[in-house]
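The chains referred to below are lettered A, B, ... by the order of the sequence lines, with proteins before strands, and numbering in each begins at 1.
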Amino acid sequence: MLAAPDGGLSLTIAQIVERLKGSGLHAQLERQARLSLHNPEIKLQSLKEDIKEFLKTSGWEKKLQNAVYREISMVDSDIASSWTVKSRFIKSRFPLPCPPSVPPEHMKESLAYMRKAQGNWEKRILKSLNSMCTELGIPLSQKRSPNEQKELLNKWNEMGTDEPDLSHFRPVYAPKDFLEVLMNLRNPNYDTSEQSNFRNHLGLIQVPLNVKDIPELKEYFSELDLNIGQMDIDDSAHVPPELFENEHVRIGQKVLMEQDSAAAQQYVRQGCPNSLRAELWALILNISSQPEDILYYEQLKSNVIQHDLLVDSLIYKDVKLTASNDDYYFVFEDYLYQVLLCFSRDTSVLEHFVYNSATPPKSYIRGKLGMEQYAVFYPPNGVIPFHGFSMYVAPLCFLYNEPSKLYQIFREIYVRYFFRLHSISSHSSGIVSLCLLFESLLQTHLPQLFYHLREIGAQPLRISFKWMVRAFSGYLATDQLLLLWDRILGYNSLEILAVLAAAVFAFRAGNLMEVTSLAAAEAVLADLSTLKVMPLLQIFLFATGS
Amino acid sequence: MNVITIMAGKVKWVTDIEKSVLINNFEKRGWIPVSENEDWNFYWMSVQTIRNVFSVETGYRLSDDQIVNHFPNHYELTRKDLMVKNIKRYRKELEKEGSPLAEKDENGKYLYLDFVPVTFMLPADYNLFVEEFRKNPSSTWIMKPCGKAQGKGIFLINKLSQIKKWSRDSKTSTFVSQSSKEAYVISLYISNPLLIGGKKFDLRLYVLVSTYRPLRCYMYKLGFCRFCTVKYTPSTSELDNMFVHLTNVAIQKHGDDYNHIHGGKWTVNNLRLYLESTRGKDVTNKLFDEIHWIIVQSLKAVAPVMNNDKHCFECYGYDIIIDDKLKPWLIEVNASPSLTSSTANDRILKYNLINDTLNIAVPNGEIPDCKWNKPPPKEALGNYEILYDEEMAQSEMSERDLRSRSGQSVGFKGNRARDPGKAGSLTWK
């Protein structure tokens, strides 16, 4: 089980160096180093040291550090978290970055049956999309006429006022369709014969994956412990809340001044003050909004203006069905189109399929079906939106009022985290592991409740699945949601979603024990907008005897 | 306790506003419905009825155990022309007294009392208006009838010819007529409103006044923003599209995009979270502090002319617009804020608003005694918080004077200049 840390580390370093070589940062660093030669302080005798010193004092070293940190976070979340907490480094069970000989599909997902299941699911989605195309007689993509282009450009800032007839469009799939697929997942190498024993998992998910138990979660989320100050918790026994908040704000400002990604990530584990969140998240995600980024966004925008895609209607429909009706997010309807339409055209999103178990769907030029040289990814970013997709963007509108910045932040959060919520994989932040973690927490720690709900046909996962797939967006009040997402970024992991889902059940256990049907259980859990995230998590993880 | 309550008898109530948020609240308290001709203790009435109750002819005399939900001359605050008149007078008085509150900047604008858009009465102040308009001919102005609510009769103008046409068209063919029914106010239109998600909005805040002399008022924490459903464009070609400019729900409901789930309403908590996240905490606190400030100042402006009848309390709906520099502007005050619920959340909010209002106006739900003048205990406030308590402020003030007889002025303004947040806690609570 224990990998030799040295071998893994040097391989990781080699990979990161390789990746950064092709980046804009590399070119910038080189240019700065060249320019520094004109600097009188740089001496030929100590050239290397002097240039290093120059890069350090001019802040470029920090930028390089943050870029390296970003790469690490992308390789594997488990490594990244051990990076900051060095003591964990040795004992972490992180899957090694693959040696070059390993086939690329193992980078995506190491278990063959998971890959197969994901492949079948994709076929289903594509079939549904294609049949809608045929039914409605609408092409996947078509160029807009000059007049249409002009019209769209004019109403770019108010696309929400448009009311196209979308009654024939239906979301390609909804979370509950996806849950059915996950319930049918089986490991063919695993004996699931009838021998029932107390270790049997009685939930809906029937694949054996390693998920954390409470002691492991306590260690993993140690900064959430009761004796550690948190934003939005005002009954800490040790320090008056105002004192903690002022001090926390002061430290946050210092972290921002230092522009240190790793420090920012550690910092947000205790929650962000509202006024610092936008900048802290950008720092963690290594988003700096350079002029070229704004230009890139404008380029995507002009792609939207030029071509009409079928997925646009799906996005439109989704926003109308979800965010437009939401008490918190309706205000931002227009921003959602501005982000999501551009997202669908962004081919840089394709890069994340290297480590996403999903594969971007292909479409062929008319008459050339199956001929690889005529294949294009469709939609261009490879992501087919499903019912509720726009809710990944909506909460971010509270933080960023500049569309190009909002866009970059969303894209980065998506390719780091949210893609895992609708891809079948064995990753610890993947939706399958989250479901299993949720079910095993309930079964182990609230067995009475678990059996009761199971008995009346209200399997808890049937209720909590949609919360987790949407990362609770649209269920919690926005201030609470942002505190939750602070921890996703802080721990570089989505596991907190499963823990919160279990904590919600624990919190409402009294009422849930009295219900006798799925509908009644759903009613008890219908409104989560009054819940306070941090007390729930703390009580569940740290205040119950286990 | 229970025994005493029963002994004291039940409150007998009347209302001429058949709204379930009212009636449910009365019934919840076990109060007894009676007709207006019987003995009643509590009458929730429309502004039309209050006029009759206190009119000289009907000569109705309220006894000590009777309470109504309006002050007799509430219109000093709630009619657009009178509110502006009272605020103008208040500013002049402060100026005459040499109060630091009336300080002006180099352009002659009040530093602390410039919170109502420049406003004139029409037809009375027509010449003053023309003078002002000519100073800034590209400005847009909004015309509102003095006595109407819910956005009725409102229109925008940006040319003098439009106002001439209006005067010709309206039945008052001459500007000499002073009939108040036809009187309009014309105000400078806030042309740089703060936009969120590209949309314009205004704030609706509820303020309860239990007495004017001494002034004691409460602010309801659960106010909301009302959003226009149509994108905001300051271009004048859209001037006729009222949906862009007016945020009254009564108007917006007729728009095609009106959403019956959220009703275009956003909680003040959302606004605060958004502003703290995008603009920072200090400027957000300053904005809310200034909003509280202008509400208190507007109440102080009318307090001297208000008939402070002991049988009265009033819940006002304040309409405030925030501009893109985060300065709040008082647009108008409503005496009978709408109790119609447009959405489920709205219904809950208004039910609670009435509930909390009754808890303060009718302590313990017992038969009222209008000579009872003590402020309610903190637990009884619900979602209200004390906005200003003149008695408390004065006793704090004299206490401070005793403590530091250094001769320094400890006026409101001095505190605000240093730290607006602190001033609130010192003098307002």
Side-chain angles (χ1 to χ4, degrees), chain A residues 154-163 231-232 242 245-246 249 252-253 272-281 320-339 394-403 405-406 477-483 527 529-530, chain B residues 194-201 222 224-235 237-238 241 243-244 247 252 255-286 324 342-346 348-349 421 425:
Chain A
N154 280 337
K155 62 168 192 197
W156 181 257
N157 289 321
E158 45 182 332
M159 286 185 268
T161 55
D162 230 22
E163 293 275 350
M231 283 308 290
D232 201 46
E242 237 178 60
E245 200 181 316
N246 291 341
V249 169
Q253 283 161 341
C272 287
N274 290 335
S275 54
L276 304 181
R277 182 174 284 114
E279 282 187 76
L280 283 164
W281 284 17
K320 290 278 180 210
L321 285 175
T322 58
S324 297
N325 291 324
D326 190 287
D327 286 342
Y328 297 92
Y329 306 123
F330 72 91
V331 174
F332 301 114
E333 182 180 348
D334 294 325
Y335 280 17
L336 298 180
Y337 301 124
Q338 289 172 33
V339 166
L396 303 174
C397 299
F398 270 83
L399 305 184
Y400 306 96
N401 50 14
E402 172 53 46
K405 181 94 182 237
L406 174 65
T478 309
D479 60 327
Q480 296 299 309
L481 184 86
L482 295 174
L483 289 166
D527 181 11
S529 66
T530 55
Chain B
L194 174 68
L195 305 180
I196 297 181
K199 296 189 179 84
K200 192 191 160 191
F201 68 97
L222 309 179
F224 49 84
C225 309
R226 299 179 294 188
F227 275 84
C228 288
T229 50
V230 179
K231 201 79 179 186
Y232 178 74
T233 45
S235 88
S237 64
E238 289 260 16
N241 186 350
F243 298 119
V244 177
T247 51
Q252 288 290 332
D256 288 340
D257 289 341
Y258 186 80
N259 182 302
H260 288 273
I261 297 175
H262 49 69
K265 287 178 184 170
W266 214 43
T267 64
V268 164
N269 286 339
N270 279 334
L271 176 67
R272 192 181 260 283
L273 176 62
Y274 172 81
L275 290 176
E276 281 185 6
S277 303
T278 55
R279 304 270 190 138
K281 190 162 183 168
D282 292 342
V283 290
T284 307
N285 284 344
K286 181 166 167 277
D324 59 4
S342 51
T343 66
N345 279 343
D346 205 34
I348 295 167
L349 177 126
S425 62

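- By the 4.5 Å heavy-atom criterion applied to side chains, I196(B) and F332(A) are counted as neighbours.
- In this structure S275(A) satisfies the side-chain hydrogen bond (donor to acceptor under 3.5 Å, both in side chains) test with no other residue, sequence neighbours excluded.
- If you measure heavy-atom distances from D282(B) to chain A, you find no contacts under 4.5 Å at all.
- Minimum heavy-atom separation, N270(B) to Y328(A): OD1-CD2, 3.1 Å.
- Most heavy-atom pairs under 4.5 Å with chain B: of the set D326(A), V249(A), L399(A), N325(A), this distinction falls to N325(A).
- The candidate from S324(A), P273(A), P403(A), A477(A) with the greatest count of non-hydrogen atom pairs under 4.5 Å with chain B is S324(A).
- When all heavy atoms of F330(A) and K199(B) are compared, the closest pair comes out as O-NZ, 3.8 Å.
- Closest heavy-atom contact between N274(A) and E276(B): ND2-OE1, 3.0 Å.
- Between S277(B) and A278(A), the closest heavy-atom pair is O-CB, 4.2 Å.
- Under the 4.5 Å side-chain criterion, counting only non-hydrogen atoms from C-beta, L273(B) is in contact with L482(A).
- The line from OH of Y274(B) to CG of N401(A) is 4.0 Å long, rounded to the nearest 0.5 Å.
- In this view, N269(B) satisfies the side-chain hydrogen bond (donor to acceptor under 3.5 Å, both in side chains) rule with no residue, not counting sequence neighbours.
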